[in-house]
Amino acid sequence: MLKYYSVAEYLRNLLRGKAIIREAHPITLDNSEPEPDIAVVISPYTNYLTHHPYPEDIYWLIEVSNQTLKRDLEEKTITYARNGICEYWVIDLPHKKTLGI
């Protein structure tokens, strides 16, 4: 958990005033509401007081993978692509690398 909080804080500082950084909150897709570790979405945050971000609100999704790498690289990649998510990264903690999908 600590690893992705530092990534989120870095992005929050980098993108302040340009995007909202959401941590482990739902997004609304065609047939599910997954909770990516980090979602970079269109601001302002008040857009999401009554609903979760839709695919058109999402700039970038990040999953921090420690034990779920296979699912993150296969199932989630298909789901996010089907919903038009253009930027999806997986941070592979055991192998210390980032994979852009």
Side-chain angles (χ1 to χ4, degrees):
M1 288 286 222
L2 182 59
K3 294 283 185 195
Y4 86 80
Y5 285 119
S6 60
V7 171
E9 277 306 308
Y10 173 79
L11 291 172
R12 196 169 279 117
N13 289 330
L14 184 69
L15 299 173
R16 190 172 314 279
K18 297 176 184 167
I20 303 298
I21 310 303
R22 295 168 50 99
E23 299 170 66
H25 291 292
I27 59 173
T28 300
L29 302 180
D30 59 354
N31 64 355
S32 63
E33 289 196 330
E35 297 179 10
D37 293 322
I38 300 171
V40 180
V41 300
I42 293 171
S43 60
Y45 74 92
T46 54
N47 289 350
Y48 314 109
L49 295 177
T50 59
H51 66 84
H52 306 306
Y54 301 123
E56 60 268 18
D57 300 322
I58 298 168
Y59 292 124
W60 183 12
L61 296 179
I62 301 171
E63 293 288 354
V64 179
S65 186
N66 195 11
Q67 298 176 334
T68 60
L69 185 61
K70 182 173 172 57
R71 182 173 181 240
D72 292 338
L73 291 175
E74 293 174 5
E75 180 183 325
K76 289 183 182 180
T77 297
I78 292 167
T79 299
Y80 294 154
R82 184 180 66 237
N83 282 272
I85 306 299
C86 296
E87 195 70 32
Y88 171 52
W89 288 13
V90 176
I91 298 174
D92 177 357
L93 292 178
H95 300 104
K96 298 180 181 173
K97 60 183 175 179
T98 302
L99 308 164
I101 310 300

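The chain is numbered in sequence order, starting from 1.
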Hphob cluster co-occupancy, [X] + [Y], side-chain heavy atoms under 4.5 angstrom:
{"X": "Ile42", "Y": "Tyr45", "result": "yes"}
{"X": "Ile78", "Y": "Ile58", "result": "no"}
{"X": "Ile62", "Y": "Leu14", "result": "yes"}

What distance separates [X] [atom1] from [Y] [atom2], expressed to the nearest 0.5 Å?
{"X": "Ile20", "Y": "Asp57", "atom1": "CD1", "atom2": "CG", "answer": "11.5 Å"}
{"X": "Asn66", "Y": "Thr68", "atom1": "CG", "atom2": "OG1", "answer": "8.0 Å"}
{"X": "Lys18", "Y": "Leu11", "atom1": "NZ", "atom2": "CG", "answer": "12.5 Å"}
{"X": "Leu69", "Y": "Ile91", "atom1": "CG", "atom2": "CD1", "answer": "12.0 Å"}
{"X": "Ile85", "Y": "Thr79", "atom1": "CD1", "atom2": "OG1", "answer": "10.5 Å"}
{"X": "Asn83", "Y": "Ile27", "atom1": "CG", "atom2": "CD1", "answer": "7.5 Å"}

Stepwise side-chain contact (heavy atoms from CB on, under 4.5 Å) check, Val7 with Ile38: CA-CA 9 Å; Val7 171; Ile38 300 171; 3.6 Å; yes

Using 30° and 60° as the class boundaries, would you call the ring planes of His51 and Tyr54 parallel, tilted or perpendicular? parallel

Residues, nucleotides or ligands: over 12 heavy atoms within 6.0 Å of Glu33 CD: yes

Just wondering, do [Y] and [X] contact through their side chains at under 4.5 Å, heavy atoms?
{"X": "Arg12", "Y": "Glu23", "result": "yes"}
{"X": "Pro36", "Y": "Tyr88", "result": "no"}
{"X": "Arg22", "Y": "Pro53", "result": "yes"}

Could you check whether any side-chain N or O of Thr77 sits under 3.5 Å from a backbone N or O of Asp72, counting only pairs where one atom can act as donor and the other as acceptor? yes

Option from Trp60, Tyr48, Tyr59 for which side-chain contact (heavy atoms from CB on, under 4.5 Å) with Val41 holds: Tyr48

Taking all non-hydrogen atoms of both residues, which atom of Asp92 and which atom of Pro94 are closest, and how far apart? OD1-CD, 3.1 Å

